[in-house]
Amino acid sequence: MAEPTIERRAARMTAVATARQVLSLPLGLVSGIVWARLYTPTDVGRFGVLAFVVSLPAMVGDLGLSQAFVRQAPEPDDREMALAASLQLWIAVLAAPAILVAARYGGSSQLAVLAALLYLPTLLGGIALRANVLTVRRLDFARLAALDLVQQVGYIAVLWLLGRWGAGVGGLVGATVASQVLRTAVLVAWYPLFPAALPRLGGLRRVVAAGLPLHLTGIVSGFHIGITNWLGMPLFGPVAVGYLRWSLEMTNKVGAGLAYHIGRVVFPTVALLQHDEARVGRVVCRAVRYNALLVGTPLALLAGLASPVITAVFGDRWAPAGPALQLFALYMVATSILVPLEAAVRVVRPTTWLLGIVGAYFAVEVALALGFAPLAGWLAIPLAHLTATVPLVALLRRVLPASARPMWRGDVGLPLLALAAAFAASRALASALAPWPALIAGGLAGTAAAGAVVFVLGRGSVWPELVRDLRQLAPGPAYGRVPQ
């Protein structure tokens, strides 16, 4: 029996996200090689801190409007979105002087110029609000996947060109700005929006009230994501931040990026199904299982092959980042399970619940990082990420309605056993062979080991359901309104 329309569109968009990850993986590796060969750890560290500071107005200025528009049942009104875009634009404009002053007095006049350039996408962000909302609500992820690939190609081209010129931090800034402005222009062409001249909060009071807890959760999550920059810099310095930032970026490119894209599919899908717990449960369980397998397998291979990957591909300059790369890969495996759970909790439970949970998680994470620092040095940050995330997975699962909770054995345990097999097989060959043979043989052996575990242990449930889900991916509309 075919799945209802929403689930089938969501399944197709999950397949699209997977295809996007497969196609973007070589681009991500090329980008990582350009980072490693043409930029120093200090360049990467300083850029990371600058990017975090510049992102603060965008993090604060949304007021949860975008998430509230996605979460609400009826499609948002264009007038409300125009008011919201105006509000975001004015907040960005008013915050600009503070960003420039902070960059000037915290660094140099050159850093202030780079900050102004890096702030341009934030200034333009408001006009893309309608596109960002409707592409998610309508599950238009096929077009977004194509745009992501074009954006990556543009980013790599500018990054390489400026790196060859020895631009340093300026090269990282220039590539980021050029690719993000290109993305914004395309999004606005898809879904044009003219912001209102002045924001009138009265017309947005209902939306702000619904989105504010989600927004505060997003701010806390933003500081969680940026902990490498704002805590790593004063504790460990720019070189350590560069190693950490590069390791985190590599895990994002190899697999974690797919986890977040699947999470972006889960959130609007659950919002559309929020009054039917049984259907929500099917979506969440599948998302957890497939996220763990699809995202976790390349991450397990990366952790097992970290040493030959760095030696053969990126150069010995980045050898000190090897342990951080392994820890971030394990952390991202846990995150791949966490992301669908968090997306579902955002919809099916009061928004204040998630705010409290994420706030407590962030406090524990910071305390762990400070506690680990004297013993582990700059590895304290990935250790804190991993240690805090594992119990969070169990907590978010518990918060979901009973009918929507993934099964520990089939949805979580089986994928983790498969990933452990992939890690063990690739790790054994990494220590026994030269770098390039280890990469080839370790990758093949690890993938085969993971597949064997899923096939042998999941023959009674997981494997038949996987085959059935693949058969459900019949052609259908890739974008537009989603029929119920």
Side-chain angles (χ1 to χ4, degrees), residues 20-55 58 103 107 110-125 144-187 225-226 228-229 238-239 241-258 260-261 302 309-310 312-319 321 324-325 328:
R20 171 204 173 278
Q21 183 68 18
V22 171
L23 294 173
S24 67
L25 182 57
L27 297 175
L29 292 176
V30 170
S31 173
I33 292 171
V34 174
W35 269 41
R37 300 289 184 177
L38 299 181
Y39 298 89
T40 68
T42 302
D43 292 334
V44 176
R46 288 177 175 167
F47 168 75
V49 175
L50 180 63
F52 175 74
V53 172
V54 169
S55 71
Q110 181 186 16
L111 195 64
V113 172
L114 292 177
L117 184 61
L118 194 57
Y119 196 63
L120 180 60
T122 299
L123 288 173
L124 298 176
L144 281 180
L147 178 57
D148 287 341
L149 294 174
V150 172
Q151 182 182 1
Q152 287 185 65
V153 171
Y155 175 82
I156 292 169
V158 177
L159 187 71
W160 177 83
L161 183 62
L162 295 179
R164 295 284 294 177
W165 286 350
V169 179
L172 296 166
V173 170
T176 301
V177 172
S179 60
Q180 290 186 359
V181 169
L182 169 65
R183 181 185 183 86
T184 300
V186 174
L187 287 173
I225 293 169
T228 297
N229 303 308
V239 175
V241 172
Y243 286 134
L244 291 169
R245 173 94 182 184
W246 178 82
S247 301
L248 185 60
E249 195 69 22
M250 286 302 98
T251 56
N252 276 323
K253 293 180 186 302
V254 168
L258 175 59
Y260 293 113
H261 281 282
L302 179 64
V309 163
I310 292 176
V313 179
F314 300 108
D316 291 335
R317 173 196 291 177
W318 297 92
L325 188 63
F328 274 126

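Excluded from the calculations below are hydrogen atoms, water molecules and symmetry mates; all remaining heavy atoms, backbone and side chain alike, are included. Starting from 1, each residue takes its place in the sequence as its number.
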For residues 179-187, please give each side-chain donor-acceptor pair under 3.5 Å, one per line with the distance, not counting sequence neighbours.
from: Ser179; atom 1: OG; to: Ala175; atom 2: O; distance (Å): 3.0
from: Ser179; atom 1: OG; to: Thr176; atom 2: O; distance (Å): 3.1
from: Arg183; atom 1: NH1; to: Asp148; atom 2: OD1; distance (Å): 2.4
from: Arg183; atom 1: NH1; to: Gln151; atom 2: OE1; distance (Å): 3.0
from: Arg183; atom 1: NH2; to: Asp148; atom 2: OD1; distance (Å): 3.3
from: Thr184; atom 1: OG1; to: Gln180; atom 2: O; distance (Å): 3.0

With a 3.5 Å cut-off and sequence neighbours excluded, list the donor-acceptor pairs that the side chains of residues 158-173 form with protein atoms.
none

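Residues Leu244 and Leu248 fail the side-chain proximity criterion, which asks for heavy atoms closer than 4.5 Å. When side chains are defined from C-beta on, Met250 does not count as touching Phe328, because their heavy atoms never get closer than 4.5 Å. Under the 4.5 Å side-chain criterion, counting only non-hydrogen atoms from C-beta, Leu27 is in contact with Leu149.
Taking each heavy atom of Leu118 and Val177 in turn, the nearest pair found is CA-CG2, 3.6 Å. Nearest heavy atom pair, residue Tyr243 against residue Ala321, reads CD2-CB, 3.9 Å.
Interatomic distance, OG of Ser247 versus CG of Asn252, reported as 11.0 Å (0.5 Å rounding). With values rounded to the nearest 0.5 angstrom, Arg37 atom CZ is found 11.0 Å from Trp318 atom CH2.
Of the possible donor and acceptor atoms, one in the side chain of Arg317 sits under 3.5 Å from a partner among the backbone N and O of Ala36.
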Kindly indicate, with the supporting measurements, whether the criterion side chain to side chain contact (heavy atoms under 4.5 Å, CB included) is fulfilled by Gln152 and Val30. CA-CA 10 Å; Gln152 287 185 65; Val30 170; over 6 Å; no
Start with the C-alpha distance between Tyr39 and Val34, add both sets of side-chain angles, then the distance that settles side chain to side chain contact (heavy atoms under 4.5 Å, CB included), and finish with yes or no. CA-CA 7 Å; Tyr39 298 89; Val34 174; 4.3 Å; yes
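Counting non-hydrogen atoms of neighbouring residues, nucleotides and ligands closer than 6.0 angstrom, the CZ atom of Arg46 reaches no more than 12 such neighbours.
Proximity of the aromatic rings of Trp35 and Trp246 is defined here by a centroid distance below 6.0 angstrom, and this criterion is not met.
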